[in-house]
A.B. asks: 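Here you go, one structure.
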Amino acid sequence: MATARFVKTGITPDEYDEMREKLGIGDTPPAGGVFHAAAVGEDGKIRVFEVWDSREQADAWGEKVMAVRTEAGFGDGPPSIEYLEVHKVVQR
């Protein structure tokens, strides 16, 4: 079942860009990733909205991201993540 997740990353846009580079991600989502959007919140930190084919794939990717984040020393602790069951996805 498709899963959406909202992530309050606690990292800056520059840190986000650096993490994507370290992860080797271009403009294509990793396996199982359907959609990814990153936005800057009022606090200047990145918020991410993603849709995944499954929660397991989202969690597996999150482990890789967390390893890079920890190694780089970004953020002030683990991100806040909310998971939701996808009801419908509509794209342009």
Side-chain angles (χ1 to χ4, degrees):
M1 170 166 298
T3 297
R5 67 183 194 167
F6 293 97
V7 184
K8 290 183 179 179
T9 67
I11 63 173
T12 67
D14 288 340
E15 291 169 336
Y16 167 85
D17 292 340
E18 189 175 331
M19 281 187 56
R20 286 187 64 83
E21 187 174 317
K22 288 178 183 286
L23 287 161
I25 299 265
D27 290 331
T28 303
V34 175
F35 178 83
H36 173 92
V40 180
E42 291 180 5
D43 60 357
K45 306 293 173 113
I46 292 288
R47 310 268 199 302
V48 170
F49 174 72
E50 299 175 319
V51 175
W52 290 83
D53 288 332
S54 72
R55 168 89 184 246
E56 293 76 22
Q57 289 169 310
D59 286 341
W61 178 249
E63 289 176 16
K64 291 178 184 178
V65 171
M66 197 61 198
V68 169
R69 175 188 170 113
T70 300
E71 182 179 310
F74 293 157
D76 55 357
S80 166
I81 303 174
E82 178 182 7
Y83 289 90
L84 303 167
E85 182 181 312
V86 173
H87 176 71
K88 184 173 185 159
V89 175
V90 177
Q91 291 181 292
R92 180 169 22 143

A.B. asks: Linking Ile, Leu, Val, Met, Phe, Trp and Tyr by side-chain heavy atoms under 4.5 Å, what else ends up with Tyr16?
C.D. replies: Val7, Ile11, Met19, Leu23, Ile25, Val40, Ile46, Val48, Trp52, Trp61, Val65, Val68, Phe74, Ile81, Tyr83
A.B. asks: Is a donor on one side and an acceptor on the other found under 3.5 Å between the side chain of Arg47 and the backbone of Ala37?
C.D. replies: no
A.B. asks: Just so I know, are the side chains of Lys64 and Pro30 near enough to count as touching, which here means a heavy-atom distance under 4.5 Å?
C.D. replies: no
A.B. asks: Can you find a heavy atom in the side chain of Pro78 that is under 4.5 Å from one in the side chain of Arg69?
C.D. replies: no
A.B. asks: Do you know the tightest heavy-atom contact between Gly44 and Pro13?
C.D. replies: O-CD, 3.3 Å
A.B. asks: What about Met1 and Leu84, same hydrophobic cluster or not, with Ile/Leu/Val/Met/Phe/Trp/Tyr joined at side-chain heavy-atom distances under 4.5 Å?
C.D. replies: no
A.B. asks: Return yes if some donor-acceptor pair links the side-chain N/O of Arg5 with the main-chain N/O of Val51 below 3.5 Å, else return no.
C.D. replies: no
A.B. asks: Rounded to the nearest 0.5 Å, how far apart are NE2 of His36 and CG of Asp27?
C.D. replies: 10.0 Å
A.B. asks: Nearest 0.5 Å please: distance from the NZ atom of Lys8 over to the CD atom of Glu82.
C.D. replies: 8.5 Å
A.B. asks: Looking only at heavy atoms, which two atoms of Lys45 and Gly10 are closest? And how far apart?
C.D. replies: NZ-O, 3.6 Å
A.B. asks: Nearest 0.5 Å, what's the OG1-CD distance between Thr3 and Gln57?
C.D. replies: 9.0 Å
